[in-house]
Amino acid sequence: MDRTLTILGIETSCDDTAAAVVRAPEGGRPEILSSDVLGQTSLHEAFGGVVPEIAARAHAERLDGVVEAALGASGVGLNEIDAIAVTAGPGLIGGVLSGVMLARGLAAARGLTLVAVNHLAGHALTPRLTDGVAFPYLMLLVSGGHCQFLLVKGADSFQRLGGTIDDAPGEAFDKTAKLLGLPQPGGPSVEAEAALGDPLRFRFPRPLLDREGCDMSFSGLKTALLRARDELVAKQGGITVQDRRDLCAGFQSAVAEVLAKKTSRAIDMADERPTVLAVAGGVAANKAIRAMLETVSAQAGLPFIAPPLRLCTDNAAMIAWAGIERMRAVLTSDPDFVARPRWPLDQTAPALLGSGKKGAKA
Ligand code: KG4
Ligand code: ZN
């Protein structure tokens, strides 16, 4: 019997409408046959954050087209698809519902298996899609809406070792950019300015470094940055180009140092020796942060895995792959599953505080 699985993945939990087809021979290398992502940055730009209603409507309008495009590009017809994997949470509920309804309709019409996937599991399992990493491994998921350390032990076994108690780092980068008049998304623009600045001129706080464990906090950083900016304005009547670069450099080095130190602590906290340290999420694109994490990894004697950026940020190939992992592990979905705004991967860990501008933190 051919144990190859070909799965259509659908992702609509935040501001990217995405569909992908992934094929995986049993025991062989999985192949991404297509992966389409239609972003919504321009729709939300004027509002300084993702507007849930606008996101939900855009998903509903665009998802059909994105699914058709992904199927077309894959060269695979719906009749060759074994199952549909869809993000069922956590995320902005209107968007998640759009994806779940389309997937449910398509699965019912074609008599296909439907697999409900946790969006965070999609990110967390990506190193197995790209690099065939073995369990257990340590994952730092760091994006605009999420920041947590996970010990990934199996397709449905995740231990959360810690995470942010307030803002996600990407959110902090975005707010910093806003405070300094730089374009959104803030990460790349703050990074570009920071590269020309002096990271030692402004010494921003490193919150929770003296606290045990690997929980983090980033919301105080923007207050410190705001204060530093306002002091300059009061003294000089404005900020110079070099002030802005130095503020960005100081901010970025604070984030990088916190992430590096807490990563090192997470490695020590894991109750099993991880095979690798892996990162995912938009903030993993930051070169200074990546370099710090590579150093921490090398010091701990662990290989460092950073999947290509298009698979680190939101996409549907990771959802299709998580569906394949669930099917291989014979983890069935309740056919009556519901879309969930909050859905922590590790049900035993205490809930994190707050909710990011890009959706529920889990
Ligand atoms: O994973 P992602 O694409 O989307 C979600 O959060 O769902 O992450 C986007 C976040 C944004 O906040 C963006 O500012 C941040 O990742 N980001 C960066 C960089 N590139 C993107 N942060 C720091 N440095 C970067 N180079
Ligand atoms: Zn995500």
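Reckoned from all heavy atoms, side chains included, excluding hydrogens, waters and symmetry mates. Both counts, for ligands and for their atoms, begin at 1 and track the order of listing. Start at 1 with the first residue, then count along the sequence.
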May I ask you to list the atoms of ligand 1 that are less than 4.0 angstrom from any heavy atom of [X]?
{"X": "G144", "answer": "5 (C), 6 (O), 8 (O), 9 (C), 10 (C), 12 (O)"}
{"X": "D314", "answer": "7 (O)"}
{"X": "G145", "answer": "6 (O)"}
{"X": "G170", "answer": "12 (O), 14 (O)"}

*Should one rank L309, D174, V283 by closest heavy-atom distance to atom 13 (C) of ligand 1, which comes out on top?*
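It is D174 whose heavy atom sits nearest to atom 13 (C) of ligand 1.
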For K261, is there an ion pair with E257 - N to carboxylate O distance below 4.0 angstrom?
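The answer is yes: the pair qualifies as a salt bridge.
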Quick one: pull up OG1 in T240 and CG in D246 and give me the separation to the nearest 0.5 Å.
->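 With rounding to 0.5 Å, OG1 (T240) is 7.5 Å from CG (D246).
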Got an N/O contact under 3.5 Å between [X] and ligand 1?
{"X": "T313", "answer": "no"}
{"X": "C14", "answer": "no"}
{"X": "G282", "answer": "yes"}
{"X": "G281", "answer": "no"}
{"X": "G187", "answer": "yes"}

If we count only N and O atoms by modelled type, under 3.5 Å, do the side chains of [X] and [Y] hold a donor and an acceptor together?
{"X": "S13", "Y": "E11", "answer": "yes"}
{"X": "D346", "Y": "Q148", "answer": "no"}
{"X": "S217", "Y": "D166", "answer": "yes"}

> Within 45° of the axis and under 6.0 Å from the centre of the six-membered ring of F204, does NZ or CZ of R227 qualify?
Replying inline: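 No, R227 and F204 do not form such a contact.
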- Message: When you measure from the Zn ion (ligand 2) to the N, O or S atoms of H123, does any of those distances fall below 2.8 Å?
- Response: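 Looking at H123, which is the residue asked about, there is an N, O or S atom under 2.8 Å from the Zn ion (ligand 2).
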Please state whether the separation between the Zn ion (ligand 2) and some N/O/S atom of H119 is under 2.8 Å?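 So H119 counts as coordinating the Zn ion (ligand 2), yes.
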- request: List the atom of A116, the atom of A88, and the distance in Å for their closest heavy-atom pair.
  value: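 That closest heavy-atom pairing would be CB-CB, 4.0 Å.
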Decide yes or no on side-chain contact (heavy atoms from CB on, under 4.5 Å) for K262 and D215, but give the supporting numbers first.
CA-CA 7 Å; K262 293 289 181 169; D215 280 344; 5.5 Å; no
Atom name in D314, limited to N/O/S, at shortest distance from the Zn ion (ligand 2):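 Of all N, O or S atoms in D314, the Zn ion (ligand 2) lies closest to OD1.
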| Quick one: are the ring centres of F251 and F173 less than 6.0 Å apart? |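 Ring centroids of F251 and F173 are less than 6.0 Å from each other.
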